[in-house]
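Down below is the structure, laid out as structure tokens.
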Amino acid sequence: MKSPSSPAGEAEARAIQDELRARVVLDEPGPPPGTGLVTGVDVAYDDARDLVAAAAVVLDAATLAVVEEATAVGRVAFPYVPGLLAFRELPTVLAALESLSADPGLVVCDGYGQAHPRRFGLASHLGVVTGLAAIGVAKNPFTFTYEQPGPHRGAVSPLLDGAGEEVGRAVRTQDGVKPVFVSVGHRVSLDNACAHTLRLAPGFRLPESTRRADALCRRALREAVGAGFGTGA
DNA sequence: GCGACAG
DNA sequence: ATCTTGTCGC
């Protein structure tokens, strides 16, 4: 039982990240934007009942039509700690992904990949554990800095860490709307990650993959609570 | 030492 | 993440 999926504490979780980080692949371009399948994943919480619901929504990358959906419900296994988000979200997300019959293709995560204090955010962790190509699209820049991209859709600017290294990009997906923060997870180049993000967000700030997964996991959580998942044995 | 900090 | 009314606008 090496590299346990549920670490006992924060120190162990960081040690797991440091160990798994060596397996991240950064020299593959990944699937060409607009081809094959793209899968969005997201989770919703009910802290009072200690429940977490995850959703995986598979889209046709060319048309953005929904190909397949899956959900999973479980118990929260780890608290929210900045930098350790994967340990909170991944167990349930993996359960949802495993119940898909389609090959997920490129996985789009709600959070970061390489833009992470130890270069091993949620998207990199998911990619290494599953072997799938993965990217992270986050709504906030976390501790990283960036210059405002141009005002129009498609404008980008580097997302920089404290040493001035580019760990991702701020990508303007809609005219005059706050950018999203894209970083590589596993087996995808940063250029392709940004291109995928733009294609996935033709009409809204966030990628359709993320929007669909967000709506689905919220619904799954409501239904789980309604069915009494938080109650007795 | 304290605060900030993806979701 | 989540708690939450009305309101502005296409």
Side-chain angles (χ1 to χ4, degrees), chain A residues 7 10 13-14 16-17 20-21 24 40-57 71-97 107-128 134-146 159-162 166-171 173-186 190 193-194 197 202-207 209-222 224-225 230:
Chain A
E10 297 183 20
R14 290 193 187 88
I16 291 171
Q17 291 182 328
L20 293 181
R21 185 179 50 230
V24 176
V41 295
D42 195 15
V43 303
Y45 301 98
D46 185 320
D47 288 323
R49 296 181 183 73
D50 206 43
L51 288 178
V52 53
V57 179
T71 61
V73 177
R75 282 291 167 69
V76 177
F78 203 84
Y80 170 63
V81 180
L84 300 178
L85 185 61
F87 297 99
R88 180 169 170 81
E89 306 212 331
L90 229 42
T92 319
V93 166
L94 293 177
L97 279 175
V107 179
V108 180
C109 299
D110 204 355
Y112 285 124
Q114 292 295 288
H116 179 273
R118 286 170 296 283
R119 292 290 187 282
F120 197 70
L122 178 61
S124 294
H125 200 141
L126 184 151
V128 163
I135 67 174
V137 180
K139 298 181 282 296
N140 298 288
F142 201 14
T143 57
F144 304 100
T145 59
Y146 68 103
L159 187 65
L160 306 173
D161 70 7
E166 182 180 46
V167 295
R169 265 173 216 157
V171 178
T173 55
Q174 300 295 319
D175 288 2
V177 170
K178 176 181 174 176
V180 296
F181 304 91
V182 177
S183 63
V184 166
H186 184 59
L190 183 53
C194 293
T197 300
F204 297 94
R205 176 183 178 230
L206 296 178
S209 42
T210 299
R211 291 165 44 80
R212 293 304 246 278
D214 180 77
L216 182 57
C217 69
R218 289 181 196 235
R219 175 153 56 90
L221 183 62
R222 282 199 313 271
V225 170

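Every chain is numbered from 1, with letters handed out A, B, ... down the list of sequences. Bear in mind that the values here come from a model prediction, so they are computed numbers and not experimental data.
Counting only heavy atoms from C-beta outward, the side chains of A/Leu221 and A/Arg49 never approach each other to under 4.5 Å. Annotation: side chain of A/Phe120 is in contact with side chain of A/Val128 (closest heavy-atom distance under 4.5 Å).
The separation between A/Tyr80 atom OH and B/dG7 atom C1' is 6 Å, rounded to whole Å. Atom OH of A/Tyr45 is separated from atom P of B/dG7 by 11 Å (rounded to the nearest Å). Counting to the nearest Å, the C1' atom of C/dA1 and the CZ atom of A/Phe142 are 14 Å from each other. Taking atom CG of residue A/Asp46 and atom P of nucleotide C/dT2, one finds them 9 Å apart after rounding to whole Å. Separating the NZ atom of A/Lys178 from the P atom of B/dA6 is a distance of 10 Å, rounded to the nearest angstrom. For the pair A/Lys139 NZ and C/dA1 C1', the interatomic distance rounds to 9 Å; values are reported in whole Å. Whole-Å rounding puts the A/Leu84 CG to B/dG7 C1' distance at 12 Å. The separation between A/Phe181 atom CZ and B/dC5 atom C1' is 14 Å, rounded to whole Å.
Under a 4.0 Å N-O distance rule, the pair A/Arg218/A/Asp42 does not qualify as a salt bridge.
The phosphate of C/dT2 (OP1 or OP2) has a side-chain N or O of A/Arg218 nearer than 4.0 angstrom. Phosphate contact (OP1/OP2 of B/dC5, side-chain N/O of A/Asn140, threshold under 4.0 Å): absent.
Counting any heavy atom pair closer than 4.0 Å across all strands shown, A/Ala115 reaches no nucleic acid atom. A/Gly83 comes within 4.0 angstrom of a nucleotide base, judged by non-hydrogen atoms across all strands.
Listed candidates were B/dA6, C/dA1, B/dG7. Nearest to the side chain of A/Asp42 is B/dG7.
Proximity of the aromatic rings of A/Phe144 and A/Phe181 is defined here by a centroid distance below 6.0 angstrom, and this criterion is not met.
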